[in-house]
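Before any comments, here is the structure.
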Amino acid sequence: MNTFGPVNAVRCFALAVCALALFTVARAFGLLGPPAFAVSLLIAALAVIAWNGGSSPDDLGLRLKDAPRGLLYGAAAFGIVLLVLVVAAEIPATNGFLHDSRAEISRGQLVHELWLSILLLTAIPEEFAFRGVLLGAAVKLWGPWRASLITSALFGLWHIAPTLHTMSDNHVFRGTAASAGGQVLLVLGSIAVTASAGLVFCWLRLRSRSLIAPVMAHAATNGLALVVAWFAVHPSHLFG
């Protein structure tokens, strides 16, 4: 029997938010060690919170029977992201945003970033946290739409620290990041963009009933952007 009632949902949501906040602070001070260990610790903590709160696989988007539907929606999202990025790369007004110093890496490093940093250490844990544990509890408390808005706002706030760390990597934003006012604008812009992405990921999760769909969309958004940026930095690799 599913014991994930309102009281347990409140506790699960509150504890998950606390765990994410503590993780952010501890990571900022370098207290958690290597990224793989830190992320594993976070996933374990969230899994314990969800289990103790009575979350079911359905609440978390982890039912095996929903996996095919999740793959279908995820593949569609992957294709849309790819199309948007290819078009953006071809338009002079937008292709500058894809020139990122983080893409100045070798082919082997690119593969490493895609599979480890983006898929295993970013997309999967963040989707488990925000579209799994948090969204599952929030839907019980406020319904799907308000739950999507609230968890997506938290997702946007989650990206403040990464934005501060990487805002100078893109040459389009480097000048803006040189001033305090510019940094505030970039952070606010990042919150708005990532919160909007969070809403899309919530829709995919609720529509497909599977966490696979937002994981694939998230990985596509981050990974394909890096791939396009990599080809922008290494244009000779397009043809050999």
Side-chain angles (χ1 to χ4, degrees), residues 9 12-24 27 39 42-43 45-47 49-50 55 58-62 66 69-70 73-82 84-85 88 97 117-167 184-226:
C12 181
F13 186 87
L15 288 175
V17 170
C18 289
L20 289 166
L22 287 173
F23 176 83
T24 299
R27 184 174 57 178
V39 170
L42 176 63
I43 291 177
L46 292 171
I49 290 170
S55 299
D58 186 32
D59 296 319
L60 300 174
L62 298 177
D66 295 323
R69 188 176 174 90
Y73 274 83
F78 190 96
I80 292 171
V81 170
L82 178 59
V84 169
L85 287 172
F97 294 101
S117 299
I118 291 177
L119 180 61
L120 297 180
L121 298 183
T122 301
I124 291 176
E126 288 189 359
E127 291 310 311
F128 179 66
F130 288 93
R131 262 63 66 177
V133 180
L134 283 178
L135 186 62
V139 167
K140 291 285 186 181
L141 297 171
W142 302 297
W145 289 111
R146 281 193 292 176
S148 296
L149 289 171
I150 292 168
T151 57
S152 296
L154 292 172
F155 186 61
L157 294 174
W158 168 262
H159 284 82
I160 291 177
T163 300
L164 290 171
H165 181 67
T166 62
M167 60 174 55
V184 170
L185 287 176
L186 287 176
V187 168
L188 291 176
S190 173
I191 292 173
V193 170
T194 52
S196 298
L199 285 172
V200 176
F201 297 157
C202 283
W203 182 87
L204 286 169
R205 158 68 182 88
L206 295 171
R207 184 72 176 177
S208 69
R209 301 189 295 273
S210 173
L211 203 61
I212 292 174
V215 165
M216 290 179 67
H218 194 154
T221 302
N222 291 13
L224 291 177
L226 179 61

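These figures come from a predicted structure and were not determined experimentally.
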Side chains of L20 and L134 in contact at under 4.5 Å (non-hydrogen atoms): yes
Verdict with reasoning, F13 to I150, per side-chain contact (heavy atoms from CB on, under 4.5 Å): CA-CA 11 Å; F13 186 87; I150 292 168; 4.0 Å; yes
Distance under 6.0 Å and angle within 45° of ring axis: R27 vs W158: yes
S152 side chain vs L199 backbone, donor-acceptor pair below 3.5 Å: yes
S208 vs R69, side-chain contact (heavy atoms from CB on, under 4.5 Å): CA-CA, chis, key distance, verdict: CA-CA 6 Å; S208 69; R69 188 176 174 90; 4.2 Å; yes
Any side-chain heavy-atom pair of E126 and H159 under 4.5 Å: yes
Student check: side-chain heavy atoms of V139 and L206 closer than 4.5 Å: yes
Interatomic distance, L62 atom CG to F128 atom CZ [nearest 0.5 angstrom]: 6.5 Å
R209 NZ/CZ over Y73 ring centroid, <6.0 Å and within 45° of normal: no
R131 side-chain N/O to C202 backbone N/O, donor-acceptor pair under 3.5 Å: no
Contact check, side chains of F78 and L224, non-hydrogen atoms, under 4.5 Å: yes
pair L211-D66: side-chain heavy atoms closer than 4.5 Å: no
Exercise: identify the closest heavy-atom pair between P125 and L120: CD-O, 3.2 Å
S148 side chain to P144 backbone, donor-acceptor under 3.5 Å: yes
Parallel, tilted or perpendicular, as decided by the 30° and 60° cut-offs, for the rings of F155 and F130: perpendicular
Any donor-acceptor pair under 3.5 Å from T122 side chain to S117 backbone: yes
CA sep, side-chain torsions, deciding dist, call: L60, L135, side-chain contact (heavy atoms from CB on, under 4.5 Å): CA-CA 8 Å; L60 300 174; L135 186 62; over 6 Å; no
